[in-house]
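Note that ligands are numbered from 1 as they come in the structure, with each ligand's atoms numbered from 1 the same way. Everything numeric in this text was worked out from a predicted model, so none of it was measured. Side chains are part of it too, since the values below use all heavy atoms of this structure and drop only hydrogens, waters and symmetry mates.
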Amino acid sequence: MKTAKAANKEELEAFRIKYLGTKGVVKSIMGEMKNVAPDKKKEAGQLLNEFKIFTEELYANLSSSLTDNGTAHSEEIDTSLPGDPLPLGSRHPISIVQSRIVSIFHKLGFSVAEGPEIEDDWHNFTALNLPENHPARDMQDTFYISQNPDWLLRTHTSSVQIREMEKGILPLRIICPGRVYRNETISARAHCFFNQVEGLYIAENVSFADLKQTLYFFVQEMFGDKVKIRFRPSYFPFTEPSAEMDISCLICGGEGCNVCKKTGWVEILGCGMVHPKVLENCNIDSNKYTGFAFGMGIERIAMLSYQVKDLRLFSENDLRFLKQFQAAI
Ligand SMILES: [Zn+2]
């Protein structure tokens, strides 16, 4: 009885009338109770109650075995029906921007180099001309690994550049994309982790003009050929001379708006000629070889490209945000 099925709503209703209706089996047996001998009434009443509950449960089971359309669930699979649509993910905006940056530098002969996110002090700081007690270290406070005070989460992918230079294979032309860490208060414009792409070119006779032309090509490919660039002198311990590069504001075209703080320019990366001390730290002859390096935050490029105003959106995994980007295939 438990496996009984109702083929449709009519059969279900017929069952209800037969057993649970006002003239149904349950009611009619109740009517017979008056004929039961007084000493048997209790036992008969219990039996009748059990039968009533059993019938009601059976009715509920039959009712739930019908679909919303009032037809029975079928165990047969109709292979001619169209399939359920499969939800299709979208690529993360950081991945989209990173692969665009990588493909632009591929055109110029740069290959991708990667390295560990847990670094030692030498590769992250000291080899980059940031010795212990150097004040510039304060700007790159990070997270240290408790098992070994020499280990830390890398603050930039420059550590990968050191590892590649130490291999001693020249000329060297690499870009290093990857996640980096800083001990920063999380806000709309800063996070304790973000993604970088850094580039390095070392050969004989590499000049600042090569650096400018390389970055100019990148900006035109990334943002279009109407975008202008400018360099401002800056300071980094690992490059000399050093500069920060701005592009003309994509929103106002250089007229001045809130995004560019009315200046018409937006900073996108830092760059410079590799400091001779860094080359020597990696056993490269700084009299023979020169090189340039640059680095940019991928989130910053993505915020400019997609007009995203809050950095935190990139790591909150909110599907309403992520679904707005192109599909995975
Ligand atoms: Zn602007």
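Looking at heavy atoms from C-beta onward, Leu215 lies in side-chain contact with Phe231 at the 4.5 angstrom threshold.
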* To do: In sequence, state the C-alpha distance, the side-chain angles, and the governing distance for Asn205 and Thr290, and then conclude on side-chain hydrogen bond (donor to acceptor under 3.5 Å, both in side chains).
  => CA-CA 6 Å; Asn205 301 318; Thr290 50; over 6 Å; no
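Grouping Ile, Leu, Val, Met, Phe, Trp and Tyr by side-chain contacts under 4.5 Å, direct or through others, puts Val274 with Trp122, Phe125, Leu128, Leu130, Tyr144, Leu152, Ile162, Met165, Leu170, Leu172, Ile174, Leu200, Ile202, Phe236, Phe238, Val278, Leu279, Ile284, Tyr289.
With respect to the salt-bridge test (charged N to carboxylate O, under 4.0 angstrom), the residues Glu56 and Lys52 qualify. Ion pairing of Arg16 with Glu13 is present here, as a side-chain N (NZ or NE/NH1/NH2) and a carboxylate O approach within less than 4.0 Å.
Judged purely by atom type and a 3.5 angstrom limit, Arg154 uses its side chain to pair as donor or acceptor with the backbone of Gly115.
Within the protein, the number of N, O or S atoms lying under 2.8 Å from the Zn ion (ligand 1) is 4.
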